[in-house]
Every structure is written in C-alpha cells, then in structure tokens.
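Worth knowing before you read on, the calculation uses all heavy atoms, side chains too, and leaves out hydrogens, waters and symmetry mates. Keep in mind that what you see is a predicted model, and the values were worked out from it rather than measured. Just so we're on the same page: letters track the sequence lines, and every chain starts at 1.
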Amino acid sequence: MSRLLHFRYDILLEFSRPVVRHSFVLRCLPPDLPWQRILDVTLALDPTVPVALQRDSFGNLIQAGCIEAPHTNFRYRVQGTALRDDSRRSAGPCHPVFRQPSAYTVPRPEMLCWLDGLQLPAQPRPRAWALAQAVHDRLSYTPGATGVATTAAQAFAAGQGVCQDFAHVYLALARRLGLPARYVNGLPEGEGASHAWCEVWLDQGWTGIDPTRLQWTDEGYLRFGVGRDFGDCPIERGIFVGNADQTQTVHMRVEAEQESCKTI
Amino acid sequence: MNDLIRHERQINQQLARYGVKFGIYKNGEFHERLFPFDPIPRVITAEEWTVLQQGLSQRVRALNCFLRDIYGGKKILADGIVPEDFVYRSPGYLPQCEGILPAKGVYSHISGIDLVKGKDGTWYVLEDNLRIPSGASYPLIARELCRRCSPETFHQNHVVDNRQYGQLLRRTMDSVNTGGINVVFTPGRYNAAYFEHSYLAEKAGAVLAESSDLYVRDSQVFYRSIQGDRRVGAIYRRVSDEYMDPLCFEPSSLIGIPNLMTAYRAGNVAVLNAFGNGVADDKGIYYFVPKMIRYYLGEEPILHNAPTYLPIDDTDKQYILDHLDTLVVKDVAEAGGYGVVFGSKLSREELASLRDTILAQPRRFIAQEVIDFQDLPILEEGVRVERKADLRAFVLSGAGETVVWPSGLTRFSRNSDSFIVNSSQGGGFKDTWILSR
C-alpha cells in the first residue's frame, strides 16, 4: 500500500554572538527514488544565500553555501510531499564499502564476544531481524547519554544511547556477520526530531530496519541521506568564524494522508 | 667535483640561510632540522636513465589508470586482478571521491617514486608516493648553489640541466587548470616543508596561499587579494586529504578550505594531487603495480618491485613465517620510515611477537626481501665513507603527457648500519647527476 506523506520541518541554529564566514553543507532534502517519489518540495533559508545543489558520492542531495555577513541565526525550512511505495523497491548494486567497518562502526572485541554468544538464525533475513532484536535489548534508549561523536563501541560499552547509537551498533555487528548495511537519516511519521535507522542488503536490494523502534521500516519512513555511518550524511554540517555557543531547535513533522491512490 | 667538495661548507651554510629544513616528530615533539647536503653527487649514466625514465613513466601512467578505474568503473576488481578487500580496507581509499572525475582525468600529477639500486646494478622500486611527495626543491636549490660555486663542473661533466622543474610544474598545473590562477596551498610557515612550498611557488610562478586566503563561492574557489578577488583554477596543495575540507573530511580541520569539495565535484577547480590517491600508494597495493601495468597498458613492467610477500596469501604467509628473521616487515598504514621492522635486528621474543601480530592482522603488513643496495660514498668529517642511499624520482603528469624530471632526490642514511634513508629519520641528501652522454 502506498502512502502520501506531507513533511514539514524547521531547523533553527542560534549563536550566542554574531558569527561570520559560516560555510555549511545540508543534507536535508529527501531524494527522489522509485519507492519515494518527491511530488513537490521547497527549501527556504534565512539568511538567504545562494546554494549549490549537488549529489555527493553516496547519491545524497546536498545543499552547500556560505553566509559571509555577521549573523546570530541560521534557519532552514523544508516543506513537501512524497509518495512512498515499498513495492517499487528494486534490486540494485551494493557498494563494497557497506561491507567494511567505518569510523563510527569498528567492532571492539567485547562486542564480538557478545555477538558470538548470540544464537542467530542462518538465513539472512531472520538473521538481520534477530540481530536488531538483540541490539534493541542490549541498549537502553537514553537521550543525552551519548553525543554526535559517540562510536558504536562507546555506546555498546555504555549500554545506552539514542537512535544514532542503535544504528551504529547494529551496523558494526551486521557487517561483521557478513550482512552489508548502511546508515540512514530521515524522518518517520509523526512529530519531533530527525531519526536514524539502517538499511540491510537482503535479496539483492536494500531493506530498511529500525533497531531503535525494533521494526522493519514502513511507508511512513521518509529517507534523507545514506552513508557508512553518521559521519557521511549529517543533516547539517557547518564551520564558522566567531567565538559563540550554538543551540539548535528542531521541529519536524510527517503526516500521512490515508487511502492515497496508487497511480503515480 | 673536487671543486664542490671544497665548497661543501659554504653550500651547507647557504642552504641554512635559505631555510632548507624539514621537521621531524620524535617522541611526540616537533623538531626542525637542517637537511645536510653531501657534495659527492650520485651519477646516473644516459643509458641507465633512458631505462629508468621509460620505467617510471610507464609505472605512473598505470597508477593513474588504476585511480581512474577505482573511483570509476572498477574493472580491475571485477576482473579479479586486485582483491576488493585491498582497496576498500585501505585507509587511503576515500568513498567521498567515488564517481568524481578530476580535471582532464589526471589523479597523480606529481608522483615521487622511491628506488634503490642493487649491488648487481638492477634498480628496484621501493615505494610509490602519489599523495603529496615532497623533496623536489632540495636537489633544485642544491644544484643552483653548486653551480654558483663551480659552474664549469656541470658542463665539463655533461650533466643534464635540472632547472626546468618550475616550468614543468607550471605546465602540469596549466594543463589541468579549469580557468583562473594557479596556487600552491600551504598549511603555513610552521610546516616542516614550508621552504619547499614557497620555493616551488616562486619557481612555478604560482601564488602561495594559506587557508585564510582562499574561499569557495558558487562552487568556485577564489583567492582574496587587495586588487580584487581572483578565481583559482588549479591548487597544488601541500595539505593531506583529510584536512582539505572540514565539511567533507576531518571536521576539526582549521587549515582547510570549507566546501572546496563542492567546487572540485563540479569540476570548477583542479586539485594536484587529486583526493583519494592514497589507495594507490598503499604498501599493500604496491604488490599489484606490475600487474596493473600489464592490465591497463598491455606492457611488461620495465622496473622491478622489491620481492614482496603478502601475509593474506597462504603461500606467501608460510614463506614469511619461515624467513621472518631475514625479511623486512612494513606496516602498510605508515610512511616516512615509520613502521618498518628488520627481522634480522629482532630478538627471539620480538620475532615471536611480530609473528603473532602478523597472524592477527595479516592485511596490515607486507614483507620484503632486504635488498643489498649499492652504497654511495659520502664525506664524513672530510673522510669518504660508504652509506645506504635511495633515489626519489619525480614524475609529472598533466593532460596527455607524463614527464620524468631529469634529476631527483638522493637521500642517504647517516648511520652506517641503517637501511632507512627517509629525511624524517634524520638522513642527508645529495645531488643526482643525469649525464647527457
């Protein structure tokens, strides 16, 4: 069943003192894919500056620019409509980097030990699922316990984290089990902050799995960027000149329209 | 030549005045030191050079094909010539460069190929340096100073002139320039190789720029200047990949150019050397270079590799374990003479621990036969003594041509028992004479 998703989000960065030469790269737009058609989308920046629209090497849409003048706020707003239809997911190639450990997902010996102790099914799909269950049980969801720089090994040792950490631990172990897997940034249906989950390579194609919520992703999930781990596809990355503290306020909302047609 | 020996002290004093130094890290501390010059040149005959030149050019052409292939179609992996793991587990492989074709398709513009000459007269390639090989400025300025002391030495001995390096560099930059000025990008004057950066910029007629001089707007790179900002078409950068763009690579880098990658990706600037070249000069990939030459060029390799064994291959592994006490083991991730261990120097316990490390991390190491290289004479306190020496040859690749600079950096070890000649290990250098007949 396809679903029509209306998405709208508003991200505000506030600086305690004016900053200048603020270069940024955003990955805040969902890509148009056979199973995620983007029917309309707008991006508004404040301050308004020219933005280069490109695709990075992972195929993610990027919006890059620079605010030269002094400013204390940087706000970007996105609004649009997507038609999600997982029956249109197709087989596609898997880049070999998704089989390899990456900066955030190097498995430490204690993780491998723990992995060895798990009774996992041999078939890839049940195996991928059982691993998600195990990771979900091993970590407790604790906002504030970890930061953006926390690695899989650190989150595993702490036994807690947020969606990013659940995803990293899952990726580290899935790859170790021979299941190619990648990190996904995006928004699930509902309201709040952005979310992170994984895609695992099953039957020659990518299938979404969310170890935090313990579910296969459904058509309420709107995808932005993918990468080896968080470092490849943050929604926003910036660097500026100025001695200022930074706070971020995020409002995100995805609403599904029921009973949508399937003809697009 | 005796003239030069007489002038040794003045030449070294001049080098010190010009600031011909390099820095080394030892025990976590940074020390700058002079690079001692030895007046007795290494001499390469015209005949020998012809072969070296052909072999070096062939090697670099193949390495450029390899880089284009790895970040593009990956045919060499599909055809099973190079194992996939070797590429994707290499710390020099950058997935951020996938699918980006640099200006004119050139990846390694300035390549530094390290060779040694065996006692039997055969040259062996020890290492390819395709990221930011340094050292061309040293023989260049040393020759200049030697010529001042004794101009007649050079024409009496039919030494090929090497003063064209600046023009070669400029021609290479011009050939890939996408429109705009050429710049040499340096981390700044506290960098160990700052002398070289400024000297090469001057010789190539390029602008010497630091991070704060350059910025990106509308996916183009600009140089800030009091006469108005100028577009940059080619950047000969002397900063490692990971520090070049904090928004694409290492986020904490303050010496990079934010969003340089958007200009690069759009094809609006040439970066010399291209990003991601580390995948091709990895000590593990080195093993496959002769295979690459056959694969891409359909030619037999002219230059030899040092006999190399890979622990991931079962036959090689057995050989390594059986001969560990005579082999040299290198950590593929290290450079500059670090991570090199000679089996013959290890105690029984150290050998056993090395053996365990290799078995635990086979991908991390290569093992090579120790080549009995020809020693070169140097002067030590006025007395001629023999020391180990290597040669770094510089190969310049622009759009459509690959040129070998008829010169090179001959480095020697100052300890009589050391095989490691890297400048970061405290060696000295000599001029390299290529004879015209």
Atom OH of B:Tyr223 with >12 non-hydrogen neighbours under 6.0 angstrom = yes

Heavy-atom pairs under 4.5 Å with chain B are the metric here; pick the option from A:Arg99, A:Arg237, A:Arg228 that has the most.
-> A:Arg237

Got a sec: does the CG of B:Asp79 have more than 12 other heavy atoms crowding it under 6.0 Å?
-> yes

For B:Lys291, does the NZ atom have more than 12 heavy-atom neighbours from other residues, nucleotides or ligands under 6.0 Å away?
-> no

Do you know which two heavy atoms are closest between B:Ser253 and A:Ile239, and how far apart they sit?
-> O-CD1, 3.9 Å

Which bit of A:Phe24 is near chain B, if near means a heavy-atom gap under 4.5 Å: side chain, backbone, both or neither?
-> backbone

Heavy-atom closest pair (A:Asp232 atom, B:Gln96 atom, distance to 0.1 Å) is OD1-NE2, 4.3 Å

Given a strict heavy-atom distance threshold of 4.5 Å, which part of B:Gln220 is in contact with chain A: side chain, backbone, both, or neither?
-> neither

Hey, is CZ on B:Arg355 packed in by over 12 heavy atoms from elsewhere, all under 6.0 Å?
-> no

Heavy atoms only, distances under 4.5 angstrom: which of B:Cys97, B:Gly99, B:Pro95 has the most pairs with chain A? Name it, please.
-> B:Pro95

Mark yes when over 12 heavy atoms from residues, nucleotides or ligands other than B:Arg294 sit less than 6.0 Å from its CZ; otherwise mark no.
-> yes

When rounded to the nearest 0.5 angstrom, what is the spacing between CG in A:Asp56 and OG1 in B:Thr262?
-> 12.0 Å

Proximal component of B:Ile100, with respect to chain A [non-hydrogen, under 4.5 Å] | side chain

Portion of B:Tyr93 that has a non-hydrogen atom of chain A nearer than 4.5 angstrom = side chain

Report the distance from atom OH of B:Tyr215 to atom OG of A:Ser23, rounding to the nearest 0.5 Å.
-> 11.5 Å

Decide if atom CZ of A:Arg21 counts as having more than 12 heavy atoms of other residues, nucleotides or ligands within a radius under 6.0 Å.
-> no

Which atoms form the tightest heavy-atom contact between B:Arg265 and A:Arg55, and what is the distance?
-> CD-O, 3.3 Å

Heavy atoms only: give me the nearest A:Gln100-B:Asp85 pair and the separation to one decimal.
-> NE2-OD1, 3.3 Å

Do other residues, nucleotides or ligands put more than 12 heavy atoms under 6.0 Å from B:Arg231 CZ?
-> yes

A:Pro234 versus chain B, the contacting section by heavy-atom distance below 4.5 Å = neither

Hey, can you tell me if B:Tyr88 and A:His95 have their rings parallel, tilted or perpendicular (30° and 60° cut-offs)?
-> perpendicular

Would you name the heavy atoms of B:Val216 and A:Cys66 that are closest together and state the gap between them?
-> O-CB, 4.5 Å

